[in-house]
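Everything on this sheet refers to the single structure shown next.
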Amino acid sequence: MNQFKMKPLLIAIGLGCMSASAFAHVHSPKLDVNSINDDRVVAAVSFDAPVVGDLYLATELNGTLYFLTPGPVLTTTPTAAVKNGSFSADIPVLDIPAAGLNPGNYPLYQVVTAAGADPLNFNNWVGGINGLSKIMFNINLANTAPTAVPTTTPVVDPPPAPTTTPVV
């Protein structure tokens, strides 16, 4: 018979309450973005309470996880976007032009770890497993600019010259 152990349950509940206070989420004012127009891919991270650590941003392309480094540059090596920072309120984390992006759905993940900790181990995430947040950008090829219609004046053949018979 399995015994119910109260101490581990209380510790788990306590950690859950602590993680809720350190919860952060990534968000954007516009998730459907046009890659032909002057649209931009913009995101921010909001923190419900002040958090200290390393902020990681990542996306997935063709099944591979890429980290966004300052710049932003993509790398498969886990690299913090902001190292050993103090975060609170809203922080802009991404603002890039959509022009040239291939159409598709692009996730953006955000997590804060203890400074110098491995971001691929959820035990290092501030807030535990609840510390990870994700949004999905839908990149379109929509072009809302009207198609130019040529304005030409129709060409009309000149009226035929009158046919007259010469008078002799």
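Quick note: residue numbers are just sequence positions, from 1. What you see is a predicted model, and the numbers here were worked out from it, not measured in a lab.
Between the Trp125 side chain and the Asn130 main chain, no donor and acceptor come within less than 3.5 Å of each other. Side chain of Asp54 to main chain of Asn84: a donor-acceptor pair is present (N/O by atom type, distance under 3.5 Å, no hydrogens or angles). A side-chain donor-acceptor contact under 3.5 Å links Ser133 to the backbone of Val26. No donor-acceptor pair under 3.5 Å is formed between the side chain of Asn138 and the backbone N or O of Asp32. In this structure, Ser28 contributes its side chain and Val42 its backbone to a donor-acceptor pair below 3.5 Å. In terms of modelled atom types and a separation under 3.5 Å, the side chain of Thr79 and the main chain of Thr77 share a donor-acceptor contact. With Thr59 contributing its side chain and Pro107 its backbone, the two residues share a donor-acceptor pair below 3.5 Å.
Side-chain contact between Phe67 and Leu74 is absent, with no heavy atoms from C-beta onward closer than 4.5 Å. Between Val126 and Thr113, every side-chain heavy-atom pair lies at or beyond the 4.5 Å cut-off. Side-chain contact between Asn140 and Pro103 is absent, with no heavy atoms from C-beta onward closer than 4.5 Å.
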Give the intermediate values and the outcome of side-chain contact (heavy atoms from CB on, under 4.5 Å) for residues Leu57 and Leu94. CA-CA 9 Å; Leu57 300 169; Leu94 185 64; 5.5 Å; no
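Summarising the geometry of Val45 relative to Gln110, their closest heavy-atom pair is CG2-CG, 3.5 Å, with the distance given to 0.1 Å. Between Ala81 and Pro70, the closest heavy-atom pair is O-CG, 3.3 Å. Contact record, Ala98 with Val33: CB-CG1, 3.4 Å, taken as the closest heavy-atom pair.
Annotation for Lys83: atom NZ does not count as buried by contact number, only 12 or fewer foreign heavy atoms lying within 6.0 Å.
Ring centroid separation for the pair Tyr106 and Phe137 does not come in under the 6.0 Å cut-off.
Expressed to the nearest 0.5 Å, how far NE2 of His25 lies from CG of Leu132 amounts to 13.5 Å. Within the model, atoms CE of Met136 and CD of Glu60 stand 8.0 Å from one another, a figure rounded to the nearest 0.5 Å. With rounding to the nearest 0.5 angstrom, the CG atom of Leu68 is 10.5 Å from the OG1 atom of Thr75. Distance CD1/Ile139 to CG/Leu101: 5.5 Å, rounded to 0.5 Å. Atom-to-atom distance recorded for Leu65:CG and Thr76:OG1 is 9.0 Å, nearest 0.5 angstrom.
Among the candidates Leu55, Val82, Asn124, the single residue satisfying the side chain to side chain contact (heavy atoms under 4.5 Å, CB included) test with Val112 is Leu55.
Tyr66 and Ile135 fall within a single hydrophobic cluster, where Ile, Leu, Val, Met, Phe, Trp and Tyr are joined by side-chain heavy atoms under 4.5 Å apart, directly or via other members. Hydrophobic clustering places Tyr56 together with Ile129 (ILVMFWY residues linked when any side-chain heavy atoms are closer than 4.5 Å, directly or through intermediates).
Ring orientation note: the planes of Phe47 and Phe87 are close to parallel, at an angle under 30° on the 30°/60° scale.
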